[in-house]
Amino acid sequence: MLGRAVVDAATRLGHEVRAVTHADLDITDAEATRLALASARPDAVVNCAAYTDVDGAESDWQAAEAVNARGAGNVAAAAEEVGALIVHVSTDYVFDGSKREPWLESDAVAPLGVYGETKLAGELAVAAANPAHAIVRTAWLFGAGGKNFVDTMLALGAQRDEVSVVTDQVGCPTWTGHLAGVLVELSERPKETGIHHIAADGSCSWNEFALEIFERAGVECRVLPATSAQFVRPAKRPAYSVLGSERRHPLVLPRWQDGLAEYLATRVVA
């Protein structure tokens, strides 16, 4: 989902892009990853590969660790070998959600589940393998080419008169189309190393997000309030995962409502 948007953004900005799918390259294979990057010899690598099944990771931690931790380290090490910058995508799930104000880059990490733990391990592996790294923590992604909350709500809204959505999880819904451009921009800035928090401006609960989706899409479907306790799932979610930045000149995305509007417009065209 994010990878497609990054390819589109980089191509639009005039870069020569080499995109690889999972079928082309398994990043858990260190030697294959090294050979792939040695052949391409890029100036920068944007790693969008991830094991993102948050609930599935609880029972399949080996697969999550292989991709999110060791795989991320393999890509960073292979990039370092050819002198390339690595832009690595991480997550709000490295935090426990206990704050009630935006999380900053220097805040203490404390993931609640396997997914967050493996993504945090990936951050550490990337930083250790390649000094030329930009680690981007983002949140609540939606966009074309992958399973996402917007499409799920629209599908449910077409089938039902009402849906129940939680009010006690708050974050920053981020459109891949907006994030992708900033990831490409970071790939052009070799001095902007370290951790970056980059997510859509503003915040909302999943319930408020669903209400906005239906209103903008013109779908008549009631959105009922619910709590996380009513939906027992294998992995615990952070209650508050709004991302903020303490960087002097942070890279800023448009409002989440604007991202939603743009995604819906492209979705209708498609």
Side-chain angles (χ1 to χ4, degrees), residues 1-13 15 17 19-23 46-56 87 89 91-93 136-167 169-186 198-226 231 237 241-243 251-270:
M1 185 171 66
L2 180 59
R4 292 184 185 190
V6 169
V7 170
D8 289 345
T11 302
R12 197 165 53 245
L13 291 168
H15 291 283
V17 182
V20 292
T21 66
H22 185 192
V46 181
N47 181 27
C48 299
Y51 181 106
T52 58
D53 182 352
V54 175
D55 288 324
V87 178
V89 182
T91 175
D92 55 313
Y93 276 57
V136 177
R137 292 174 181 153
T138 191
W140 291 25
L141 293 185
F142 64 92
K147 182 180 179 182
N148 67 80
F149 185 77
V150 178
D151 289 357
T152 297
M153 285 298 104
L154 291 175
L156 290 175
Q159 301 165 6
R160 306 179 185 177
D161 295 327
E162 60 184 35
V163 293
S164 296
V165 184
V166 297
T167 60
Q169 293 175 31
V170 176
C172 310
T174 303
W175 179 44
T176 55
H178 284 156
L179 178 62
V182 172
L183 295 178
V184 175
E185 187 176 344
L186 268 179
I198 305 176
D201 185 35
S203 63
C204 64
S205 68
W206 287 114
N207 187 284
E208 291 168 323
F209 191 22
L211 285 166
E212 189 77 11
I213 291 167
F214 290 142
E215 181 176 345
R216 288 182 178 269
V219 174
E220 292 188 12
C221 182
R222 293 178 62 206
V223 180
L224 305 178
F231 297 94
R237 269 69 172 169
S241 57
V242 178
L243 298 177
L251 293 164
V252 179
L253 298 186
R255 300 184 315 150
W256 65 266
Q257 295 94 330
D258 296 336
L260 174 60
E262 291 199 47
Y263 175 55
L264 290 175
T266 61
R267 196 174 182 275
V268 169
V269 170

Requested in this report: Enter the distance from M153:CE to E212:CD here, rounded to the nearest 0.5 Å.
Outcome: 14.5 Å

Query raised in the report: Of the non-hydrogen atoms in A10 and V17, which two are nearest, and what is the gap between them?
Result: CB-CG2, 3.6 Å

Query raised in the report: Less than 4.0 Å between a side-chain N and a carboxylate O, is that true for R237 and D55?
Result: yes

Report summary line: Separation between CG (L211) and OG (S205), nearest 0.5 Å, reads 7.5 Å

Requested in this report: Please examine the side chains of D151 and R267, heavy atoms only from C-beta on, and report whether any two atoms are closer than 4.5 Å.
Outcome: yes

Query raised in the report: Which pair of heavy atoms, one from T174 and one from A200, lies closest together, and at what distance?
Result: OG1-N, 3.0 Å

Query raised in the report: Do the ring planes of W140 and W206 sit parallel (below 30°), tilted (30 to 60°) or perpendicular (above 60°)?
Result: parallel

Requested in this report: Evaluate the side-chain proximity of V6 to V184: yes if any heavy-atom separation is below 4.5 Å, no if none is.
Outcome: yes

Report summary line: Rounded to the nearest 0.5 Å, the CD atom of E208 sits from the CH2 atom of W256 at a distance of 7.0 Å

Query raised in the report: What distance do S203 atom OG and R255 atom CZ have between them, rounded to the nearest 0.5 Å?
Result: 12.5 Å

Report summary line: When every non-hydrogen atom of S164 is compared with those of A226, the smallest separation belongs to CB-CB, 4.2 Å

Query - Side chain to side chain, V223 and I213, heavy atoms closer than 4.5 Å - result: no

Query raised in the report: If you look at every heavy atom in I198 and L186, which pair is closest and at what distance?
Result: CD1-CD1, 4.0 Å

Requested in this report: Please examine the side chains of F149 and V165, heavy atoms only from C-beta on, and report whether any two atoms are closer than 4.5 Å.
Outcome: yes

Query - Atom pair CG/CD of D201 and Q257 - distance to nearest 0.5 Å - result: 8.5 Å

